[in-house]
Amino acid sequence: MGGTHGGADLESVAAGHSPVHRLDPRVKIVGLIGLVVVAVTTPTGAWLVFASVLAALFVLAAAARLPPLHVVRRMNVEIPFLLAAAILPFTAEDGVRLAITVGAKITIGVLAMIILSSTTPFPRLLQGFAALRAPALLLGIVSFMWRYLHVLADEVARMKTAREARGYSASWIWQAASGGPLIATLFLRALGRGERVYLAMLSRGYAGSIPEGLEVPLTLRRSDVFFLAGLAAMLVVARVVLP
Amino acid sequence: MSVPPAFELDDVHFAYPDGHAALDGFSLRVEDGERVAVLGPNGAGKSTFCLHLNGILTPQQGSVRVCGEPVDRKTLQEVRRRVGVVFQDPDDMLFMPTVAQDVGFGPANLGLSKEEIRVRVEGALAMVGMSGAGERPPHYLSFGQRKRVATATVLSMEPDVLVLDEPSSNLDPRGRREFGEILGSLRQTLVMVTHDLPYALQLCDRAVIIDAGRVVTDGPIRDVLVDDELLQAHDLELPVGFHPDAIWAARARP
């Protein structure tokens, strides 16, 4: 029943084995967010900094043996932002430099997050954020969303199949009207599901908070320390010396 | 002192907010270690009965006792440990990111130590034949595997009573057989709410038919299932060409 929605692909890539996959999730989160912060705070036109940060990301992606097509496809999310930046040459002073700088910052941010999410299985990612003291409530919501997106996506796939089996094709404009009922049905099913999940939680002694410490504990290894130290040194040099 | 009954419902009445009386003078006593099939047409009150067993719903009139203790606010957590409910759809029960976290959810709520939780998780997964699946996310498992893991999430709390709502629904024949073998190997008091009469006959010794919110028949399962008139009166049917004695004979073999 697995379903062929977008998430499955990301998860099979994230379940890979490479030196980057094996890094502690906390180290990857801190390192890659640090890298994004450095890129974002770099002044306009500091091309050497952007180039070196991008190079670092390429090295990471290569070390993680990420399929290039997988990365490029996921880069799609930045297209609207790049389009917004493309207005800059016509509206701002020194707009071309500004537009390229903004484009570089967006690309670096997106690429860093792709590498993070493509080398860390989602449960480990949640665990990493929890260990870094991200709010438990927020992580709980994200965790449930991730779990039930899969269930809901399968339900949508089945409903679409059932619709097509009765002669529906999305090619006619008047047929778009049946998208509404589908969404409404999905909403009602999700509501019912939510109630049943809550009953199941109560049945197993849930008393208001998700218990902690159920994961396999994280351990910082020598390679993690090397990675973080190396990345930090590189970022400091890029941010302080190069501009 | 003798062992108290696994649970005992006495003249329980329960109506939903829309006024529908789901349980209407429901009385049932099940002894420790019994295996009971609860049968009945849709809307007879089967699910409402299940939710009374672990205190999710409480009777508006009458009483529920689990292992001799009345179910009330004070005993609620203990009752939920003693009575494990396996819901029909395993996706309702598997809400944590990984199998191991899900199976450990109940024990962690009981306040057990990390080491105890680990032992419980491994034990429960071994009981359902899913050892080694601990780090997998639930949606990577087949339906039959998820059903087994959902059962493990309850077994890890070491319940005295296991309540299963439609255990065989949506399982393929092999999954159905494997799940039946697991259920057969457990030592808990077993309550099985089902429409699958051959499955009930295979796994249970006693059958209870409920209709319109109360128990209408209670007896040895073979005697209940050979009574065609009785079954028909409550919208129950054996599969075409099926005779209860076929399974009864198969059960008797060692």
**Message:** Walk me through whether A:Tyr148 and B:His139 qualify under side chain to side chain contact (heavy atoms under 4.5 Å, CB included).
**Reply:** CA-CA 9 Å; A:Tyr148 285 102; B:His139 51 264; over 6 Å; no

**Message:** Can you list the residues of residues 123-141 of chain A that sit under 4.5 Å from chain B, counting heavy atoms only?
**Reply:** A:Pro123, A:Leu126

**Prompt:** Between B:Gln77 and chain A, which part of the residue has a heavy atom less than 4.5 Å away: side chain, backbone, both or neither?
**Reply:** side chain

**Request:** Would you please test B:Phe87 and A:Ser203 for side chain to side chain contact (heavy atoms under 4.5 Å, CB included) and show each step?
**Result:** CA-CA 10 Å; B:Phe87 289 78; A:Ser203 298; 3.7 Å; yes

**Request:** Below 4.5 Å from any heavy atom of chain A, which atoms of B:Leu94 appear? Answer side chain, backbone, both or neither.
**Result:** both

**Request:** For the residue pair B:Pro97 and A:Trp146, establish whether any side-chain heavy-atom pair is separated by less than 4.5 Å.
**Result:** yes

**Request:** Considering only NZ, NE, NH1 and NH2 on the basic side and carboxylate oxygens on the acidic side, decide whether B:Asp102 and A:Arg147 come within less than 4.0 Å.
**Result:** no

**Asked** Could you give all pairs that pass the ring-ring contact (aromatic ring centres under 6.0 Å, His included) test and reach residues 187-224 of chain A, with sequence neighbours left out?
**Response** none

**Request:** Answer yes when A:Arg196 and B:Asp91 have at least one side-chain N-carboxylate O distance shorter than 4.0 Å, and no when they do not.
**Result:** no

**Item:** Nearest-0.5 Å distance that lies between atom CZ in A:Arg204 and atom CZ in B:Arg80
**Value:** 13.0 Å

**Item:** Minimal non-hydrogen separation, B:Asn109 against A:Ser209, with atom names
**Value:** OD1-O, 4.2 Å

**Prompt:** chain A: which of B:Asn54, B:Val85, B:Thr153, B:Val79 shares the most heavy-atom pairs with it under 4.5 Å?
**Reply:** B:Thr153

**Asked** How many angstroms lie between atom CD1 of B:Ile56 and atom CG of A:Leu202, to the nearest 0.5 angstrom?
**Response** 4.5 Å

**B:Met96 side, atom CE; A:Glu215 side, atom CD - distance, nearest 0.5 Å** = 7.0 Å

